[in-house]
Amino acid sequence: MEPDDLLLASIERFQGRIALVSSFGAESAVLLHMVAEIDRTIPVIFLDTGKLFAETLRYRETLADWLGLRDLRTARPDPDRLAEVDPRGDLWRDDPDLCCWQRKVEPLDAALAGFDAWITGRKRFQGGTRVALDAIENEPDGRVKVNPLVDWGEADIAAYFARFDLPAHPLAAAGFRSIGCLPCTRPVDPGEAPRAGRWAGLAKTECGIHQRQFA
Ligand code: SF4
């Protein structure tokens, strides 16, 4: 199915029980725009880890206004848990899996309470474990995950940006192709994999919201 057809079918199938989870990263505007074209009231969940680039936070506001999103929700880590496990805010240095768990996985789990399905912007061309991604995933927790852009490549993304004149993430022009937290993201060089700038130098390639590091 084409991405917008899959989106429409999913939104109809899970009416009131589906959310889009968006990082407001370099490519996020495409899926946000597609969802907004169908229904601007679909809940959009944004994970504010407390470690994001200021540019991402500003972009979230710009894009949400531009698209007219009506139900943008921000999920944040539990401050008491953070004070306990990451009092200095540098857990990412010693234990990035645990840091992601506290700052991403647990807050998203809480934000998804009440939803039976969620939409993600992952694509096969991003590489790593994503090369074998399916358009629809049945999760162990019983939820369904919908990946409408699974088959899209970089040219498709660029063409969609151009066609709808979508605003670019402020860091995109500086070579940031996959944008997560500031301490764990660097720009990539031409020819590098799109996500090579995430946790560069470590074996880690995913934060854990899609592939759990802990039970
Ligand atoms: S990406 Fe880095 S800073 Fe962000 S939650 Fe994961 S380990 Fe922590």
Please tabulate, for the side chains in residues 41-49, all donor-acceptor contacts under 3.5 angstrom to protein atoms that are two or more places apart in sequence or on a different chain.
from	atom 1	to	atom 2	distance (Å)
Thr41	OG1	Asp39	OD1	2.7
Thr41	OG1	Asp39	OD2	3.3
Asp48	OD1	Gly50	N	3.0
Thr49	OG1	Lys51	N	3.0

Taking only distance into account, with no hydrogens and no angle test, what donor-acceptor pairs under 3.5 Å do side-chain atoms of residues 4-18 form with protein atoms, sequence neighbours excluded?
from	atom 1	to	atom 2	distance (Å)
Ser10	OG	Leu6	O	2.7
Arg17	NH1	Asp116	OD2	2.5
Arg17	NH2	Arg13	O	3.4

Using a 4.5 Å cut-off between side-chain heavy atoms of Ile, Leu, Val, Met, Phe, Trp and Tyr, which other residues end up in the same hydrophobic cluster as Trp92? none
Taking CD in Glu84 as the centre, count heavy atoms belonging to other residues, nucleotides or ligands within less than 6.0 Å. Is the count above 12? yes
Give the table of side-chain donor-acceptor pairs shorter than 3.5 Å for residues 58-67, with sequence neighbours excluded, one pair per line with atom names and distance.
from	atom 1	to	atom 2	distance (Å)
Tyr59	OH	Pro167	O	2.7
Arg60	NH1	Thr74	OG1	3.1
Thr62	OG1	Arg58	O	3.0

When you check the gap from the basic side-chain N to the acidic O, do Arg177 and Glu192 get nearer than 4.0 Å? no
So for atom CZ, which belongs to Arg70, do other residues, nucleotides or ligands contribute more than 12 heavy atoms lying within a distance under 6.0 Å? no
Grouping ILVMFWY residues whenever side-chain heavy atoms fall under 4.5 Å, the cluster of Leu133 otherwise contains Val150
If only side-chain N and O atoms count, and only distance matters, is there a donor-acceptor pair under 3.5 Å linking His210 with Thr120? no
Linking Ile, Leu, Val, Met, Phe, Trp and Tyr by side-chain heavy atoms under 4.5 Å, what else ends up with Trp199? Leu202
Carboxylate-amine/guanidinium contact Lys123 Glu27, below 4.0 Å: yes
Any donor-acceptor N or O pair under 3.5 Å, side chains Gln102, Asp86: no
